[in-house]
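For reference, the structure is listed below as structure tokens.
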Amino acid sequence: MSIVAVGINHKTAPVAVRERISFNPDQLSMALQEMLQHVQCKEAAILSTCNRTELYLVQEGDIASTKERVLRWLEQHHKVPASTISPSLYWHNDHNAVNHMMRVACGLDSLVLGEPQILGQMKQAYSQAKAAGSMSLVMDRLFQRTFGVAKQVRTETEIGASAVSVAFASVNLAKHIFADIEKAKVLLVGAGETIELVAKHLYENKVNKITVANRTLTRAEGMAKQIGADVITLAQIPERMADADIVISSTASTLPIIGKGMVEQALIKRKHRPIFMVDLAVPRDIEEQVSDLDDVFLYTVDDLQSIIAKNLDKRRKAAVQAESIVTKQTDGFMAWLRGLNTQDTVISYRNQCIEERDILLEKALLQLNTEKPPEAVIAELATKLTNKFMHAPTSAIQNAAQGGELDKIVYLREIFNLDQSN
């Protein structure tokens, strides 16, 4: 029995290739059933994100034939020539496959080192495989152990503690200036990808007073609806500036949108309550002279990049510690997997029984040298042996019953050849 991980990601293929073999979430259950049938694997799960598509499977037999079946199935399912897919695929078996899955869940293989979103996506892949019935003992245990490793890495290292995107860094800076950021009033200027990420981080921090200003209202309204924000035009910024505690701007304008005079007027209306401003645009959206004003904290994209560079260095150092945790947990899982080997299980069980027999037999032989009747010694030996061998399965049955795990009780009855009528 082998564990295989095969995939394609941002390191091995451009988006033009990745998007051709991504899986539609609505059709994932059908894809998993197809995979079980055509790849002839015992268990299967699929992780599909914008940056990676990975197949995880448990299979028996030759790995070379498994690779051939996987490639043929991907070609048929996505209607993409194998020659297009094959050069971008990476393959991991057993120890390397387990290690890879754990590294992915911890954000160690992500485009942004330590990013947390991938763990949620892996949990979704797990739930979808469970719902599709394509996952059993080994894969279930592997995913559960993987989630545990990711939690341990988040708890014991600083891999996710520092901001490494301008959007995240902007919100982090605001949190340092405003103790209760959820009470702050925020003005976002622009409605592109960067501002969308800023809006997402603000929403996750429970900021509910957000206004989005954009040249075209249609684009802004789509984003604003998701976070419950108001929408205004760029022309309305001067009249709304005084209400903003935080201003974050990122547009494609070739000229500044927010000038020194506009901010001065806003500060007068605010009775000089401070404004935190972040200009993420190149060229700048906020005039450089705004930084000369008292009661204004203005940061540019260059200021944030220096912060991000330091934070990335912190994450790289934390990643060394995280890799050590992943390696240890990989070894632990593989030891558990080896324990599933039938021969090893039989040998372990026989050795345990023989060891317990020898201990009790030695005690019985010593008792025979005393005045104790041989019949009593033999009866006591039989009773102790019976109790010893009954203890583990009896405990297992009781625990299964208490936990409502009826399937385990059925298995135990089959193992011990117990007639249902008894």
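Small disclaimer: the values here were computed from a predicted structure and weren't measured. Residue numbers count from 1 along this sequence.
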Could you check I159, V149, L119 and say which one makes a side-chain contact (heavy atoms from CB on, under 4.5 Å) with R154? I159
Using 0.5 Å steps for rounding, measure from the [atom1] atom of [X] to the [atom2] atom of [Y].
| X | Y | atom1 | atom2 | result |
| --- | --- | --- | --- | --- |
| D303 | L298 | CG | CG | 7.5 Å |
| L360 | L385 | CG | CG | 5.0 Å |
| N96 | I3 | CG | CD1 | 11.5 Å |
| L173 | F297 | CG | CZ | 11.5 Å |
| K200 | I227 | NZ | CD1 | 12.5 Å |
| Q33 | M30 | CD | CE | 10.5 Å |

Contacts of E356 that satisfy salt bridge (Lys or Arg N to Asp or Glu O under 4.0 Å) - sequence neighbours left out: none
Is any side-chain heavy atom of [X] closer than 4.5 Å to a side-chain heavy atom of [Y]?
| X | Y | answer |
| --- | --- | --- |
| L89 | L71 | yes |
| M277 | I258 | yes |
| T211 | V231 | no |
| I177 | I246 | no |
| M101 | M122 | yes |
| V171 | V207 | no |

Looking at [X], I'd like to know if its [atom1] atom is crowded, meaning that more than 12 non-hydrogen atoms belonging to other residues, nucleotides or ligands lie closer than 6.0 Å.
| X | atom1 | value |
| --- | --- | --- |
| E158 | CD | no |
| K260 | NZ | yes |
| H391 | NE2 | no |
| K11 | NZ | yes |
| Y203 | OH | no |
| E204 | CD | yes |
| R215 | CZ | no |

Among D245, D294, D295, which one satisfies salt bridge (Lys or Arg N to Asp or Glu O under 4.0 Å) with R273? D245
I'd like to know whether Q121 forms a side-chain hydrogen bond (donor to acceptor under 3.5 Å, both in side chains) with T49, so could you lay out the CA-CA distance, the side-chain angles of the two residues, the decisive distance to 0.1 Å, and finally the verdict. CA-CA 7 Å; Q121 292 163 333; T49 74; 4.5 Å; no
Quick test of your reading of the model: are K269 and D243 salt-bridged, counting only N-O distances below 4.0 Å? no
Residues which pass side chain to side chain donor-acceptor pair (under 3.5 Å) with [X], listed by chain and number, not counting sequence neighbours:
| X | result |
| --- | --- |
| S250 | none |
| E54 | R52, Y56, Y90, H100 |
| E221 | none |

Show me the donor-acceptor pairs, under 3.5 Å and distance only, between side chains in residues 179-188 and residues at least two apart or in other chains.
none

Short side-chain donor-acceptor distance under 3.5 Å, S110 and E115: yes
Side-chain (T216) to main-chain (T218) donor-acceptor, under 3.5 angstrom: no
Looking at P256, is its backbone amide N or carbonyl O close enough to the side chain of R284 to form a donor-acceptor pair, meaning the two atoms are under 3.5 Å apart? no
Show the atom names and distances, to 0.1 Å, of all donor-acceptor pairs under 3.5 Å that link a side chain in residues 21-29 to residues at least two apart or in another chain.
{"from": "S22", "atom 1": "OG", "to": "E19", "atom 2": "O", "distance (Å)": "3.2"}
{"from": "N24", "atom 1": "OD1", "to": "D26", "atom 2": "N", "distance (Å)": "2.9"}

Sole residue of Q37, H38, E34, Q40 in side chain to side chain donor-acceptor pair (under 3.5 Å) with W73: E34
Going through the checks in order, is the side-chain hydrogen bond (donor to acceptor under 3.5 Å, both in side chains) test met by S2 and N93? CA-CA 7 Å; S2 299; N93 304 329; over 6 Å; no
